[in-house]
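Heads up: the structure comes next, in structure tokens.
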Amino acid sequence: MLRRIFLLAILAGAIGFGVFWWLTIPATVAADALPAYQPDLANGLTTFNAGGCSSCHAVPKQDDRTKLGGGLAIPSPFGTFYAPNISPDPNDGIGRWSEVDFVTAVMKGTSPSGAHYFPAFPYPSYQHAKVSDVRDLFAYLKTLPPVTGKVRNHDLPFPFNIRRNVGVWKFLFMNGKPFIADASRSAHWYRGAYLVNSFGHCAECHSPRNVLGGIVTAQRFAGGPNPEGEGWVPNITPRGLSDWSVKDIAYFLESGQTPDGDSAGGSMVRVIRNTSQLSPSDRDAIAEYIKSLPPVEGPPKPVKKEKEKEL
């Protein structure tokens, strides 16, 4: 009897492991899914700015946004991530990557070696981008200066350092679907919605997360604890921006100045360096979309003796 129970336990374990292994197979993009294409470098630059690539990947403590040697430390409840080198350097960056490698990384969160990237890389938002925009971004990145230097490994405790486990996270929190337009809205509104929900990845910071690190869908854009550990990320639905006009939001994305005369702080400073480079039309579109969001109550702030300055 004990032998039978033991064998059944082994069989159940083997089946469970097989299901786990199957569910966590890293997704890739097939090379034949990318037909011949003439990249648009101007659009690649727009995508670079909309995606905030330099916010994380530019070498810290220098002003050149095109030196994408990485190294920025990104604290999180799961450990500290370090933004990698994505310059065209062939040894330390992505200079030897193929176009399909890049599209797979950005839209599927899978490395050229077939491993899962951790979702500190905001591919859960980038998955909603247009493939043509991702291809244009890759072409633009190849025009930037190569930067030498390997970035240190992430500092993550067990079991968060097991990349295969990220496959379960992707299964739970990624749908792999492109962004779908609201047919009742204008093309200008759609442009803003697309930028916010794909490359802009605004929800990645401006939404509370559950214990597994997934965005709480019902409170998307409603703010919450700063994922980097200190402060509070504001609610950007009309619940939090009720006194802001579309013009106010667009001006903030250009200048970092709030309607009451305050200025952006924390990681938002890096974001403004990118959004300020977008066209006025794109900033207006983003502002129009944000102002159209339904008002959502965010999680309660912890009570503290001294008021923290929001990001």
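Note that the structure is predicted; figures quoted are calculated from it, not measured.
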Which is it for Asn49 and Arg273 under the side-chain hydrogen bond (donor to acceptor under 3.5 Å, both in side chains) test, yes or no, and what are the steps along the way?
-> CA-CA 9 Å; Asn49 291 322; Arg273 290 196 188 109; over 6 Å; no
Could you go step by step and tell me if Glu204 and Ser125 meet the side-chain hydrogen bond (donor to acceptor under 3.5 Å, both in side chains) rule?
-> CA-CA 8 Å; Glu204 301 292 337; Ser125 290; 2.7 Å; yes
Any chance you could lay out the side-chain contact (heavy atoms from CB on, under 4.5 Å) test for Asn85 and Ile94, step after step, and finish with the verdict?
-> CA-CA 7 Å; Asn85 184 333; Ile94 62 172; over 6 Å; no
Could you go step by step and tell me if Asp248 and Ser245 meet the side-chain hydrogen bond (donor to acceptor under 3.5 Å, both in side chains) rule?
-> CA-CA 5 Å; Asp248 289 335; Ser245 67; 3.2 Å; yes
Walk me through it: do Lys130 and Thr47 pass the test side-chain contact (heavy atoms from CB on, under 4.5 Å)?
-> CA-CA 11 Å; Lys130 299 173 183 175; Thr47 304; over 6 Å; no
Going through the distances and angles, do Gln219 and Asn235 end up as a side-chain contact (heavy atoms from CB on, under 4.5 Å)?
-> CA-CA 9 Å; Gln219 293 181 305; Asn235 186 330; over 6 Å; no
Going through the checks in order, is the side-chain contact (heavy atoms from CB on, under 4.5 Å) test met by Glu99 and Leu34?
-> CA-CA 9 Å; Glu99 187 182 53; Leu34 302 179; 3.9 Å; yes
side-chain hydrogen bond (donor to acceptor under 3.5 Å, both in side chains) evaluation trace for Asp136 with Tyr37 | CA-CA 9 Å; Asp136 289 345; Tyr37 179 73; 2.9 Å; yes
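Side chains of Ile290 and Leu241 form a contact here, defined as non-hydrogen atoms less than 4.5 Å apart. Side-chain contact between Asp282 and Leu195 is present, with heavy atoms from C-beta onward closer than 4.5 Å. Side-chain contact between Val106 and Phe121 is present, with heavy atoms from C-beta onward closer than 4.5 Å. For the pair Leu278 and Leu253, the minimum side-chain heavy-atom distance is 4.5 Å or more. Between Asp133 and Leu137, every side-chain heavy-atom pair lies at or beyond the 4.5 Å cut-off. A 4.5 Å side-chain heavy-atom check between Ile286 and Ile249 finds every atom pair outside the cut-off. Between Val29 and Val100, the closest side-chain pair of non-hydrogen atoms falls below 4.5 Å. Between Arg270 and Leu72 there is a side-chain heavy-atom pair separated by less than 4.5 Å.
One hydrophobic cluster, built from ILVMFWY side chains closer than 4.5 Å, holds both Leu45 and Tyr194. In the hydrophobic clustering of this structure, Phe158 does not group with Val166; members are Ile, Leu, Val, Met, Phe, Trp, Tyr whose side-chain heavy atoms approach within less than 4.5 Å, directly or through other members. Linking ILVMFWY side-chain heavy atoms closer than 4.5 Å, directly or via other members, places Leu293 and Ile215 in two distinct hydrophobic clusters. Under the 4.5 Å side-chain heavy-atom criterion for grouping Ile, Leu, Val, Met, Phe, Trp and Tyr, Val151 is not connected to Ile74 through any hydrophobic cluster. Leu156 and Tyr117 fall within the same hydrophobic cluster, defined by Ile, Leu, Val, Met, Phe, Trp and Tyr side-chain heavy atoms under 4.5 Å apart, directly or through other members.
For the pair Gly213 and Trp169, the tightest heavy-atom approach, listed with the atom from each and the gap, is O-CZ2, 3.6 Å. When all heavy atoms are compared, the tightest approach of Ser292 to Trp189 is OG-NE1, 2.8 Å. Of all heavy-atom pairs between Pro84 and His57, the closest is O-ND1, 2.9 Å. The minimum heavy-atom distance between Val233 and Asn226, with the atom names listed, is CG2-CA, 3.7 Å. The nearest pair of heavy atoms linking Ala73 to Thr80 is CB-CG2, 4.0 Å. Minimum interatomic distance between Pro60 and Gly70 (heavy atoms only, all atoms of both residues): CD-O, 3.4 Å.
Two rings, from Phe118 and Phe81, have their centers less than 6.0 Å apart. The aromatic ring centroids of Trp244 and Phe252 lie less than 6.0 Å from each other.
Taking a 6.0 Å sphere around CG of Asp63, one finds it holds 12 or fewer heavy atoms contributed by other residues, nucleotides or ligands. Counted within 6.0 Å of OH on Tyr190, heavy atoms from surrounding residues, nucleotides or ligands total more than 12; the atom is thus considered enclosed.
Thr237 contributes a side-chain N or O that, together with a main-chain N or O of Val296, makes up a donor-acceptor pair within less than 3.5 Å. Side-chain atoms of His188 never come within 3.5 Å of backbone atoms of Ser186 as a donor-acceptor pair (strictly under, hydrogens ignored). Put simply, the side chain of Arg96 gets close to the backbone of Pro90: a donor and an acceptor are under 3.5 Å apart. Remark: the backbone N or O of Asn274 is not paired with any side-chain donor or acceptor of Gln277 at under 3.5 angstrom. Panel note: side chain Tyr126, backbone Gly51; a donor-acceptor pair is recorded below 3.5 Å. The backbone N or O of Ser276 sits less than 3.5 Å from a side-chain atom of Arg283, completing a donor-acceptor pair.
With rounding to the nearest 0.5 Å, the separation of OH in Tyr123 from NE2 in His201 is 13.5 Å. Separation of atoms OG1 (Thr66) and CG (Leu144) is listed at 5.5 Å; rounding is to 0.5 Å. Distance check, rounded to the nearest 0.5 Å: CG of Asn175 to CD of Gln127 gives 5.0 Å. One finds the OG atom of Ser281 at 6.5 Å from the CG atom of Asp284 (value rounded to the nearest 0.5 Å). Taken from CH2 in Trp97 to NZ in Lys142, the straight-line distance is 13.0 Å, to the nearest 0.5 Å. Distance CZ/Arg65 to OG/Ser54: 4.0 Å, rounded to 0.5 Å.
Note on ring orientation: taking the six-membered ring where Trp is involved, the planes of Tyr140 and Phe48 are tilted (angle from 30° to 60°). Between Tyr82 and His154, the ring-plane angle classifies as parallel under the 30° and 60° cut-offs. Ring-plane geometry between Phe221 and Tyr289 is classed as perpendicular, the angle between the planes exceeding 60 degrees on a 0 to 90 degree scale with a lower cut at 30.
Tested against His116, the residues Arg163, Lys170, Lys108 include a single side chain to side chain donor-acceptor pair (under 3.5 Å) partner, Lys170.
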